[in-house]
Amino acid sequence: MFRALKLILSVFNLVLAAKYFGVMVGRDIWVLALNCIVVLDAAIWGPVNETFRAKFVSMRAERGEEYGLVASGALFTVTLLFSMVLTLFLALNREIIASVIAPDFSGQDHHALAAMIMLLAPSLLFNQGTQLGIGILNAYGSFYVPEVASCIATVVNICTMSLFAPSIGIYSLALGYYVGLILLSVLLFRQFRKRRIALLAGIRQFKMKLVTPFIVFALPFFVPFFFAQLNHVVEKSLASTMGVGVVSSLDYARKIPDVFLTVITSVLTTILVPVLAQLFSSGMKHDAFKDFKKILQLGMLIIALLVCVMSTSAKEIITLLYDQGSITDAELSRISSLTTYYSLASVTVFLYLLFGLTLLAQHRGKTYALIGLFAQLGMITTNILLYRKFGPAVFPFGLFISHFIAAVILFTRLPFDKYSILSVLFKYTCILLIGLSATYLTAAYIDFGQTFLQLVFNGSVAALYLYVLLYVFRAEEGRLILDYLKKMLETLQKK
């Protein structure tokens with residue numbers, strides 16, 4: 001729930017950014033610099049962060065709580081020292097890095113990007129510290145407090161930007177970012193003291209051999225993580241060559257589809273994967289398929305609603321969110337089109353995630369990671385070869401194609417009856433296409449001339465058409481999905 005709230009807050013953050021900065025070059029500089037820092041952090045420490053909780057829990061069970069905390073403290077020390085070195089590296093090589101991530105920037109824009117990279121570089125220290133802190137609290141069963149703390153930090157970030165944007169411009173984004181990170185660190189530290197988690201003991205008893213198990217455990221994921229982050233760098237770098245505002249336009253366009261995908265991914269990782277893992281380990285393959293099928297149906301229904309609404313109302317949504325007087329009509333139109341394209345791409349991304357996480361639950365994570373690597377390489381190749389011909393649209397196009405191919409490959413490796421899955425996919429594809437066509441035709445003939453009313457009407461019509469189509473194709477599936485949705489919401493509320 002709080003993860004969804006944080007995503008909504010991030011959308012509101014973008015709304016304010018659109019109000020104050022639009023798609024001017026300063027906003028591009030901020031996105032490029034922040035992306036550079038986040039990507040570098042994720043490429044180096046992402047696999048460790050993703051696997052830390054599982055390794056810490058097993059280490060605590062096998063060697064005792066004290067040993068687990070000492071080893072975690074040692075890992076914290078290593079990441080802190082390495083982040084310091086990395087911060088110094090970024091500061092000393094900021095001009096070179098700016099040339100790599102924005103090759104077409106020159107003169108004042110180039111120096112401003114280099115300065116922003118140096119300004120954001122120290123945030124690596126806070127980023128990694130908070131990631132490990134949240135991982136340890138999660139391992140102790142504390143999920144609520146870290147999420148609340150993160151939401152509070154995001155709210156403070158938004159308030160800081162709102163207060164200082166008129167006076168210091170784009171640097172208010174950096175100020176808000178740091179204030180949010182520092183506040184999050186303080187809140188996590190207070191929670192550590194409250195729970196009497198002695199992480200500092202590991203810092204005082206530092207030994208490199210204590211860190212090795214975490215690194216070794218995360219090794220299989222380093223290559224996929226690296227290429228995933230490389231894809232982000234390539235995308236932003238190519239976008240920076242397409243003109244002022246393209247980087248910001250892509251950032252604005254992805255946010256709404258990403259909210260839906262992140263919520264669905266959270267459901268898959270917190271509910272589906274543990275359930276399937278338990279059923280697979282118990283040999284209950286038939287029950288595993290029943291749960292898999294329900295999530296497939298529910299996910300396709302949500303994605304269908306997203307595609308129908310975004311394909312018919314992207315202009316209204318983008319106008320309501322970003323039309324604050326600082327973005328021209330032409331730029332708003334570009335953002336609307338990109339939002340629609342990213343929504344279409346979310347279909348194949350969802351299938352890729354569902355099929356891959358199903359294999360992960362069956363302890364076939366290496367297969368998932370390998371195919372994920374090829375998906376990233378496919379996006380990079382597509383973007384590089386076609387960006388001059390298709391412009392910004394190449395990025396959602398590459399996302400769609402690469403994940404479609406990856407999903408097909410993953411599908412062939414699923415441990416379930418392929419015909420049954422294909423029949424579900426065919427059915428929901430028909431529901432999506434018919435619902436989209438009906439919604440589009442209805443919206444084209446009924447125009448309220450008022451943005452908000454048109455959005456509400458289009459969304460309501462899309463939901464109504466999809467609900468009716470569920471019963472047209474097969475009545476009991478509508479009831480099954482609604483029952484499963486209620487069950488899922490009850491489970492999420494307990495977490």
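We number each residue from 1, following the sequence as shown. The basis for the numbers below is simple: all heavy atoms, side chains too, and nothing from hydrogens, waters or symmetry mates. Quick caveat, the model's predicted, so the values are computed rather than measured.
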| remark: Those residues at least two apart in sequence (or on a different chain) that pass salt bridge (Lys or Arg N to Asp or Glu O under 4.0 Å) with Glu331 are none
Are [X] and [Y] close enough that some pair of their side-chain heavy atoms sits under 4.5 Å apart?
X      : Y      : result
Leu351 : Val408 : no
Ile101 : Leu113 : yes
Trp45  : Val48  : yes
Asp251 : Arg27  : yes
Ser336 : Thr340 : no
Ile317 : Thr339 : no
Pro392 : Ser249 : no
Ile44  : Phe82  : yes

| Trace of the side-chain contact (heavy atoms from CB on, under 4.5 Å) decision for Leu181 with Ser123 | CA-CA 8 Å; Leu181 281 176; Ser123 67; 3.9 Å; yes
Whether the side chain of [X] engages the backbone of [Y] through a donor-acceptor N/O pair (distance < 3.5 Å, no angle test) should be reported.
X      : Y      : value
Arg190 : Leu187 : no
Asn93  : Phe89  : yes
Thr382 : Met379 : no
Thr451 : Glu316 : no
Ser172 : Leu163 : no
Asp41  : Leu124 : no

| Under the side-chain contact (heavy atoms from CB on, under 4.5 Å) criterion, do Ile405 and Ile409 qualify, and how do the steps go? | CA-CA 6 Å; Ile405 296 172; Ile409 298 173; 4.1 Å; yes
Rounded to the nearest 0.5 Å, what separation is found between the [atom1] atom of [X] and the [atom2] atom of [Y]?
X      : Y      : atom1 : atom2 : value
Arg254 : Ser343 : CZ    : OG    : 11.0 Å
Gln454 : Leu320 : CD    : CG    : 11.5 Å
Tyr20  : Leu173 : OH    : CG    : 11.0 Å
Asn383 : Leu386 : CG    : CG    : 8.0 Å
Ile96  : Leu90  : CD1   : CG    : 11.5 Å
Arg334 : Leu332 : CZ    : CG    : 10.0 Å

For [X] against [Y], the heavy-atom pair lying closest together:
X      : Y      : answer
Leu436 : Val307 : CD1-O, 4.1 Å
Ala345 : Pro396 : CB-O, 3.8 Å
Thr439 : Asn458 : CG2-O, 3.9 Å
Leu338 : Ala253 : CB-CB, 3.5 Å
Thr130 : Asn127 : OG1-O, 2.8 Å
His110 : Ser99  : CE1-OG, 3.0 Å

| Any chance OH of Tyr440 has more than 12 other-residue heavy atoms, nucleotides or ligands included, within less than 6.0 Å? | no
| request: Decide if atom OH of Tyr178 counts as having more than 12 heavy atoms of other residues, nucleotides or ligands within a radius under 6.0 Å. | output: yes
| said: Between His403 and Phe350, is the side-chain contact (heavy atoms from CB on, under 4.5 Å) condition met? List the steps. | reply: CA-CA 9 Å; His403 282 80; Phe350 163 70; over 6 Å; no
| message | Using ring centroids (six-membered ring only for Trp), state whether Tyr352 and Tyr368 fall under 6.0 Å. | response | yes
| said: Applying side-chain contact (heavy atoms from CB on, under 4.5 Å) to Leu88 and Met84, what does each step give before you reach the verdict? | reply: CA-CA 6 Å; Leu88 182 61; Met84 288 180 178; over 6 Å; no
| query | Which of parallel (below 30°), tilted (30 to 60°) and perpendicular (above 60°) describes Tyr177 and Trp30? | reply | perpendicular
| query | Does the pair Asp104 and Ser240 meet the rule for a side chain to side chain donor-acceptor pair (under 3.5 Å), with working shown? | reply | CA-CA 7 Å; Asp104 277 17; Ser240 70; over 6 Å; no
